[in-house]
Each structure stands twice: as structure tokens, then as C-alpha cells.
Amino acid sequence: MGLFDKFKKNTVPERVKGAGMLFCPIPDCKEVLDRIEELFQIRHVGDGNNITLRQGDMEIIFLAASPEGEGEDARYAKEQLQGVAGYVYHNETPLLEIKRNLFYHLRQCKSLVQIIYSFDSAGPRETKEKEGQIMSPVLAVTEKLLGVVTFGDGMTLQNGKGQVILDKAGKSELDFYMPAERPVPEDWAKDAPPESVERRNRSMELLQKKHVYVTPWLPLLAERAEEPGRTVEEVCGRAAALLILSLYSECRVGDHMSYQEAREFVAPILAGYGAEAYFSPAEKKYLDNPDSTEKEQIQFAWQYENLWVMEWALGLTDDLFWPDRICDVPGSVRLMKRCPDMESLLAAAKLRSRKELLEQADLIYRLHWACVDARVMGMPAPQKLEAGVVMERHHSLFWLAGCDNMCPWDEVDLST
């Protein structure tokens, strides 16, 4: 036995031919061919962009092409890579998460490998058996190249195990699909603090388990856990400000109170915390404006989400739930009612460590990238994430963790 099983020849065999295409994220055709050589322990002869495997009457030709090259092969590779990504994007499947992650995979593919195979066959049974033998090395190459492969009309995409990821009817043999990804170079983060890399790796491991794809190339959070962070007084003040802003905004947009009525509603709470000094410039401008727009009022009503994160950071709740829903708004108000003034809030607070805050900041940063990138692609947020909650948490956790050089609340960078 070699790479292929042996078959007894019929006196009048027919030459059976077939073809496929393999899409992979490796940009260099030479590296593609090198990996195929490594897999089969062979040497590539000449300067061409193809490798041929033969055993008996069976033959497989692998032809590598990159859109970054020159000539007709490069143009063809570009057309095919764009075409298959577009085909998946427009596939009307209910399996949105599989479609999304397959699209991500194809979007990062940089090379096309054409597969041309042939063998002699005396009938349907021998054809089926030999096609099975042909598939074994083809799928091994697919796995080695971190690719996806399609045969015939190109409407069914398979992984390196031969499982259907998505077909033209929008069906799959998989419960979930995560894109194969070329690892970042080992020296990519050589100047970063080791804890930044470890933090990022823990986030990526959790995202893999949650089946949320995030590019591995996002920047690291360089802040160190042992450096001084926010004080408990700062966080308590921020919580008080967010409570007042949220209640005021709910009065305006939810209960349709006038400016004066809403200010009178929150006045005792503001006085109880002595919160006038805790508002950011943008928040103070909003509170002092009797003519704020409905859009502004809705925006500031979202501050309940930030309030919940502050309550978690202060140890008033342990429930920093997965951000696929809005927080318990009445519950967040009740937590603060137990501590109606700054003295009692400070007494109840047990501020979490900067290490824990940085862990959550790193994770939410990557989740926010996933939500924003999905929106750019015209798709809903992955795995039913609530994009608005994710964005507000990004704001809160970056501020709490002291990212961006301990910047003020209004200056937190929410870019991804």
C-alpha cells in the first residue's frame, strides 16, 4: 500500500477526471508548495507553481496561485477568491454563525490551489473507490494549508475532514464552525509585557469556546496590573453620577417629564451623594441643557449599563453577565438605594483588583471589535451579543482599568 490503494485493471478502462479548488490563508505560493512537499515527504522539482502526485494510474495535480502575483493566474486567483467569498456572503442560510465565520475565513484567504485529478476506472464501483482514495490526500492538503475546499460546481465547501461547512441549500454538517487562522509570529509581541500577551490569550481562548471569531491581530493592552489604578472614591463617584444621569434620562425619554420635573426628581439623589463634582464636562452640559434632544436622552439612558459595571467593580454584585442582553435596570437602582449617600457607598464598596479589571477590559475590547466588524459587513452581532451593551462596557471597563493613560471619562477611546 502507498498513498493510494491498488486496483486491478480492467481490459478497457476509462479515464475519469475531476477538479476542485482549495482556498487558504497562506499568501506565498512557494510556502503553499513547501507545505505540500512536507506533508508527502517529496521534493518539488523546477520553478513551477505545481506539484504532481502519482501512484499507479492515479494522478493529482496541485496548482498554486496568488492574487498578489502577475499575469493570468493572479487575475484568476483574485476572481475566484472574491467570487467564493461573495457566494457565501449572499447564501440565504439560517445558519448565520456558520456563514459568518466561513465568510471570515474566506475573506482572509490569500491563495488559490487548483486541484486536477484523474484515474482509470472500469465501472461505477471502481470510480467510487478511487475517488475515495483521491479525497484522502486532497483533504490532508486542505488541513495542512488551513483551507477550505470545493469540488465540481463549487457550491459545497468542505473542511479538511471532509465535512460540509455550507452548501448551496444553506445546510451544514457542523454544529459550529471557527475559521482556521495563521498564528501571529512569535516575535509579534516581543516588546509587550508578558501579562498583556497572557491576558490576550485567555480572552481568545474564551472567545473560541463561545464560537466568536476575533482577529488575532488586535493590539494588546499594555497596562500593568501592579500599577496604580482608579481609587475606590473615583469609582463610587462615577457610579453616583451614572445613577443620576440614567434616572434623569429615563424621566425625560420614558416618562416624558419636563426638564424641570426631571431635575426635581433627581435633586434629592444628587444631594445625597454630593454628586455635583462627579459629572464629566459632557454629562454636566447635558444635565444643564433644558433643550436636550430625544436622541441625547436615549443615549444617556444607556448609562444604566455603565452603572451596572461600576456596581460590579465595587463588589455590589458579582453578576457581570455575558453581554447578550441589557442589565437589570430596576436591580441596578436597588443596589444603589442600599447605599443612598457617599459615606455608605464607600463603606459597602470592595473595589476589584486592577488585574481583574484589565482581564475584563481586554475581553470586551475584542468583543466590541466583533460587533463593529459585523455591523460593517451588514450582519447582526455574533452569537446574539447586544452591541449596545458591549459598547457601553467597553467604555466603563477601559475607564475602570485605567486604559489610555488613565484618561478622563469623556476621552475613553472606543475605537476597535
Side-chain angles (χ1 to χ4, degrees), residues 3-5 16-26 32 35-36 39 60 62 80-117 119 124-125 127-182 204-215 370 373-374 377 379-385:
L3 183 59
F4 305 109
D5 285 338
V16 177
K17 298 180 180 180
M21 287 190 186
L22 192 161
F23 307 95
C24 76
I26 301 169
V32 169
R35 290 201 179 197
I36 297 174
L39 179 64
I60 308 175
F62 298 99
Q80 294 303 314
L81 287 164
Q82 291 177 342
V84 71
Y87 156 68
V88 168
Y89 183 84
H90 292 290
N91 189 303
E92 297 181 1
T93 176
L95 306 175
L96 183 58
E97 298 303 327
I98 287 178
K99 167 182 168 173
R100 179 205 312 279
N101 286 347
L102 178 56
F103 178 74
Y104 270 129
H105 190 156
L106 292 167
R107 194 173 68 170
Q108 69 189 10
C109 283
K110 306 297 183 184
S111 291
L112 165 69
V113 181
Q114 292 177 266
I115 303 161
I116 302 168
Y117 62 86
F119 53 82
R125 181 177 178 181
T127 296
K128 184 176 180 180
E129 290 175 343
K130 285 191 173 181
E131 281 184 338
Q133 291 298 310
I134 288 284
M135 286 304 105
S136 179
V138 169
L139 294 176
V141 169
T142 303
E143 190 87 355
K144 183 74 172 179
L145 298 180
L146 307 176
V148 295
V149 67
T150 183
F151 301 98
D153 62 4
M155 298 290 103
T156 298
L157 290 153
Q158 297 173 256
N159 62 19
K161 294 180 174 59
Q163 298 165 307
V164 173
I165 306 169
L166 194 67
D167 66 17
K168 64 181 178 182
K171 296 180 180 179
S172 176
E173 293 178 352
L174 304 175
D175 294 326
F176 68 91
Y177 175 76
M178 290 297 288
E181 183 84 59
R182 296 194 81 194
M204 294 298 284
E205 183 178 355
L206 177 58
L207 291 166
Q208 282 280 332
K209 290 178 180 177
K210 293 283 189 178
H211 306 150
V212 177
Y213 170 77
V214 172
T215 177
D373 204 58
M377 292 193 300
M379 294 183 181
Q383 297 296 345
K384 300 182 179 179
L385 287 168

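Predicted, not measured: the structure shown is a model, and the values here were computed from it.
Not a single donor-acceptor pair under 3.5 Å links the side chain of S172 to the backbone N or O of D167. Within the 3.5 Å criterion, the main-chain N or O of V148 finds no donor-acceptor partner in the side chain of T142. No donor-acceptor pair under 3.5 Å is formed between the side chain of E97 and the backbone N or O of F176. A donor-acceptor distance shorter than 3.5 angstrom exists from the side chain of H105 to the backbone of L146, with no hydrogens or angles considered.
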Start with the C-alpha distance between E131 and K128, add both sets of side-chain angles, then the distance that settles salt bridge (Lys or Arg N to Asp or Glu O under 4.0 Å), and finish with yes or no.
CA-CA 5 Å; E131 281 184 338; K128 184 176 180 180; over 6 Å; no

Evaluate Q133 against F119 for side-chain contact (heavy atoms from CB on, under 4.5 Å), listing each step before the verdict.
CA-CA 11 Å; Q133 291 298 310; F119 53 82; over 6 Å; no

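When each of N91, V88, L166 is checked for a side-chain contact (heavy atoms from CB on, under 4.5 Å) with F103, only V88 meets the rule.
The CE atom of M178 sits 4.0 Å away from the CD atom of Q208 when rounded to the nearest 0.5 Å. In this structure, the separation between OG1 on T93 and CZ on R100 is 12.5 Å, given to the nearest 0.5 Å. Expressed to the nearest 0.5 Å, how far NZ of K171 lies from OG1 of T156 amounts to 11.5 Å. Rounding to the nearest 0.5 angstrom, the gap separating the CD1 atom in I60 from the CD1 atom in I116 is 11.5 Å. Distance CG/L106 to CG/N101: 11.0 Å, rounded to 0.5 Å. To the nearest 0.5 Å, the span separating CG on L145 from CZ on R35 amounts to 7.0 Å.
Residues K144 and L39 share a closest heavy-atom pair of CB-CD2, 4.4 Å. Among all heavy-atom pairs drawn from G154 and Y87, the shortest one is O-CE2, 4.2 Å. Nearest approach of A374 to P380, heavy atoms of both residues: CB-O, 3.4 Å. Of all the heavy atoms in V164 and Q158, the pair that sits closest is CA-CG, 4.2 Å. Shortest non-hydrogen contact noted between L81 and S111 is CD2-O, 3.8 Å. I165 approaches I98 most closely through the heavy-atom pair O-CG2, 3.4 Å.
The side-chain tip of K99 points at the ring of Y89 from less than 6.0 angstrom away and within 45° of straight on.
By the 4.5 Å heavy-atom criterion applied to side chains, K130 and V16 are not counted as neighbours. Using a 4.5 Å heavy-atom cutoff, the side chains of L102 and L157 are in contact. You'll find the side chain of I26 reaches within 4.5 Å of the side chain of R182, heavy atoms only. You'll find the side chain of E181 stays beyond 4.5 Å of the side chain of Y104, heavy atoms only. Side-chain contact between M21 and Q80 is present, with at least one heavy-atom pair separated by less than 4.5 Å.
Within 6.0 Å of CG in D175 there are 12 or fewer heavy atoms belonging to other residues, nucleotides or ligands.
No side-chain donor-acceptor contact under 3.5 Å links Y177 and N159.
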